[in-house]
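Just so it is clear, the structure is predicted and the values come from calculations on it, not from any experiment. Each chain gets a letter, A, B and so on, in the order the sequences are listed, and its residues count up from 1.
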Amino acid sequence: MSRLLADVNSEQRRAITMAARHGLVLAGAGSGKTRVLTTRIAWLIEQGVAAPQAILAVTFTNKAAREMRIRLSAMLPLDIRGMWIGTFHGLCNRLLRFHNKDANLPQLFQILDTADQLAAIKRLQKRLDIDVDRYPPRDLQNFINSAKETGLRPHDVDAWDEWSRRRVELFAEYEAQCQREGVVDFPELLLRCYELLQRNEPLRRHYQVRFRHILVDEFQDTNRLQYLWLKLLASDGAADGAKLFCVGDDDQSIYRFRGAEVGNMRAFEREFQVEEVIRLEQNYRSCGHILAAANAIIANNRERLGKQLWTERGHGEPVRIYEAFSDTDEARWIVEEVQALVRDGMLRADLALLYRSNAQSRVLEHQLFSAGIPYRVYGGLRFFERQEIKHALAYLRLIANPDDDTAFLRVVNFPTRGIGARSLERLQDVARDGGTGLYAGAARLDGKPAKVLGAFVALIEGLRVEVQSMSLADMVEHVIERSGLRAHYQADREGQERLENLDELLNAAANFAAEHGSSRSIDESGDDAATLAEFLAHASLEAGDHQADAGTDAVQLMTVHSAKGLEFDVVFLSGLEEGLFPHENSIMESEGLEEERRLMYVAVTRARERLYLSFAQTRMLHGQSRYNLRSRFVEEIPQSVQKWLSPIKGASQFGRAGYFQPGAGATSPPARARAPEPVRRDLDGLQVGQNVRHARFGLGVIVAAEGSGADARVQVNFGRQGVKWLALAIAKLTPA
DNA sequence: CAGCCTCACTTTTTT
DNA sequence: AGTGAGGCTG
């Protein structure tokens, strides 16, 4: 038996060694999904079922692709560098670079990241004198991207009225602009690649014949276009086409808002007549009580393919639940608990503080900071998104492609060189009238604009010549120097960190050249431009890690979304309140609510040993106090695995007597007794923050009040019944 | 051209 | 409350 199959359970083995046909693996959280995927690849190669070149493995994130490569190279005595393992976008980029002519793209086409794309759209709107109130740039960006991600070009999009017709026109104008400038945005990479293969039969056949096995990770996150792309490469499921092996978990589908279609799982099963659907339900991560909570929560969803996690690890600890007065109290309690755990020898890095929305990190950070506990927040600016890095890259982009107007405008006057709005306006007019880009338009100016812009063009031209036979790192260094970027940040008192980042960019360039340039020699002239283009693509496609210093032992703070795929010994999940989690924007429709519940399921299944859930009666949000009910998700956890740390279970929902009793449980500090502040009195004895009962809507909390006497109205949060304004003269509210 | 002020926004995120 | 973008003034 193959060494690859040691320590693999029977279901995992079934998936790994499945015969060459279409397969769907429903892999529960912590069930060894990545392992199955990578081991199957290794197994296919080891058994001689497929050659390495015949395999295409697709992931969503660079991190996942990297991990797959690392694991694979540990399993196989092969150089896996030539293998087609990558993200959808990375693989499409690769394909388009190979066949740029057929795809009608310049050889050194640039990739616009989301921010570049928005800038390009704004520029377009300015050029065409579009009312940004009627057509907000963000909306337009969303519109364009979601059209492309559904596989639609402007002429495929329906328009019924003047407004939407105009919108489609702008979509078309935007495409023309991108084409003129030789740039593609993220969805364009996929769509362009898809259309290329669809249109060009020999090319399509080539790849359809070449790839015998297509393996897809996180299949539940695929959007329409990605599914179409996979289908095309797999010859639509024809007998002689590639075999699709998709791994995913419908219960962890949490990206509907960005176009993911869980329905692709069922569509795949149906359209490819998938015979083998394998469920990986043994969980190797969490203790039994935690899994019981997760299973019970997700069981409330109707739209499921069905799965039940189990473990051999035993029950472990119950789920700890804490009710706080306020968000501040909640944060303070969490920090005390963290301190206790660290005192007991727990590593800070094994503790995670999770929340539904980023705004919640502030209170937590504040308390952690006061307590002097090192922490790290995920989700800030990433390396290649920093302004100084984008500036340096913009110079490099202009060297590679002078038609890139986005890059041009970014640095034409940075560092400032006396090119003002007037000069640029003149230039944009000239460029528009001449039907050229800005760079080319500069030659047709006169007067002062001609002088200042001529100097800028001369700078770029000079750079292009000087840089010609340099290594990538030297090139970057030279550009940072000659553009004046370094001097600019040196003169800036607060430029120190930016200078360090620019140095880091040099490192990145050197590393990149070492890793990617080795197959073709770097000093072989003529390939410098290609290496530069690859580096620029890399910078767009892989913006870098969110985390800063991975080395230090710090408590980890992140949203539940960011935590997907990660695991921690101890997880604190805070803000379990109706309106927050589930989020109020999602409560109204069942699909939204089910996605929130999947999010909750993801959060719970991050914990290995211990899980804390907490919520607060009062929370500051957007500068206002909000009064929320406890999340329904808390209710969905079986009582048998709950352990309440705050005074009395459910105190706030059914009267507040319990609050003034001392805390219970060895791990929890005594609750600080504090009466909720009445915001306004004399509303028939009702006050904000109070629990009330309504004959039709049931239990709720008063969240706001206005008016007096016969006009007095209160706003009541009834949880799943919604938030309602009720006139006291009409509605019968009784204190609960 | 730069700094200041007002205004609007505020779920989740990768490529 | 806090931030970021865009507009206006010195």
At under 4.0 Å between heavy atoms, which parts of nucleotides 1-7 of chain C does protein reach? Answer with one letter per nucleotide, 5' to 3': B base, S sugar-phosphate only, - none.
BSS--S-
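Protein atom NZ of A:Lys63 is 10 Å distant from nucleotide atom P of B:dT14, rounded to whole Å. Between the C1' atom of B:dT11 and the CD atom of A:Gln360 lies a distance of 10 Å, rounded to the nearest Å. Rounded to a whole Å, the OH atom of A:Tyr355 is 10 Å from the P atom of B:dT12. In this structure, A:Arg598 places its CZ atom 15 Å from C1' of B:dT11, rounding to the nearest Å. Rounded to whole angstrom, the span from the CG atom of A:Asp133 across to the P atom of B:dC9 amounts to 10 Å. Taking atom CG on A:Asn223 and atom C1' on B:dT13, their separation rounds to 13 Å, with Å as the unit. The CD atom of A:Glu591 sits 21 Å away from the P atom of B:dT12 (whole-angstrom rounding). Protein atom CG of A:Asn145 is 13 Å distant from nucleotide atom C1' of B:dT13, rounded to whole Å.
Remark: ring of A:His583 stacked against base of B:dT11; centroid gap under 5.5 Å, plane tilt under 30°. Ring stacking is absent between A:Phe257 and B:dT13, as the pair misses the limits of under 5.5 Å between centres and under 30 degrees between planes.
Contacts of A:Asp113 with the nucleic acid, taken as non-hydrogen atoms under 4.0 Å apart, are absent. Heavy atoms of A:Phe581 sit nowhere under 4.0 angstrom from any nucleic acid atom. Contacts of A:Ile419 with the nucleic acid, taken as non-hydrogen atoms under 4.0 Å apart, involve only primed sugar atoms and P, OP1 or OP2.
Mapping A:Gly420 and A:Tyr255 onto DNA chain B via the closest heavy atom, the residue that lands nearer the 5' end is A:Gly420. Place A:Gly90 and A:Ser586 on DNA chain B by their nearest nucleotides, and A:Ser586 ends up nearer the 5' end.
For A:Val560, the side-chain contact (heavy atoms from CB on, under 4.5 Å) partners two or more places apart in sequence, or in a different chain, are A:Leu354, A:Leu573, A:Phe581, A:Leu599, A:Val602, A:Ala603. Residues passing the ring-ring contact (aromatic ring centres under 6.0 Å, His included) test with A:Tyr255, sequence neighbours excluded: A:Phe257, A:His561. A:Ala27 pairs by the side-chain contact (heavy atoms from CB on, under 4.5 Å) definition with A:Val25, A:Ser31, A:Lys33, A:Val247, A:Leu280, not counting sequence neighbours. Residues satisfying the side chain to side chain donor-acceptor pair (under 3.5 Å) criterion with A:Gln179, sequence neighbours excluded, are A:Arg192. Judged as a side-chain contact (heavy atoms from CB on, under 4.5 Å), and not counting sequence neighbours, the contacts of A:Asn62 are A:Arg66, A:Thr87, A:Glu542.
The phosphate of B:dT13 (OP1 or OP2) has a side-chain N or O of A:Thr559 nearer than 4.0 angstrom. A:Arg382 has a side-chain polar atom (N or O) that falls below the 4.0 Å cut-off from OP1 or OP2 of B:dT15. At the phosphate of B:dT11, neither OP1 nor OP2 sits under 4.0 Å from any side-chain N or O atom of A:Asn358. Side-chain nitrogen and oxygen atoms of A:Asn62 include none within less than 4.0 Å of the OP1 or OP2 phosphate oxygen of B:dT14.
Counting only heavy atoms from C-beta on, A:His89 has its side chain closest to B:dT15 among B:dT15, B:dT13, B:dT11. Closest approach to the A:Ser562 side chain among B:dT13, B:dT11, B:dT15 is made by B:dT13 (side chain taken as heavy atoms from C-beta onward). Here the side chain of A:Thr87 is nearest to one of B:dT15, B:dT12, B:dT11, namely B:dT15.
Donor-acceptor pairing under 3.5 Å, judged by distance alone, is present between the side chain of A:Thr114 and the base of B:dT15.
For the C1' atoms, the distance linking B:dT11 with C:dG6 amounts to 25 Å, nearest Å. For the P atom pair drawn from C:dG4 and B:dT13, the interatomic distance equals 16 Å after rounding to whole Å.
Between A:Lys148 and A:Glu188 there is a salt bridge, with a side-chain nitrogen of the basic residue lying less than 4.0 Å from a carboxylate oxygen of the acidic one. Salt bridge annotation for A:Lys564-A:Asp221: present, with a cationic side-chain nitrogen under 4.0 angstrom from a carboxylate oxygen. Between A:Lys390 and A:Asp113 there is a salt bridge, with a side-chain nitrogen of the basic residue lying less than 4.0 Å from a carboxylate oxygen of the acidic one. At a threshold of 4.0 Å, the pair A:Glu330-A:Arg619 counts as salt-bridged, since one of the basic side-chain nitrogens sits closer than that to a carboxylate oxygen.
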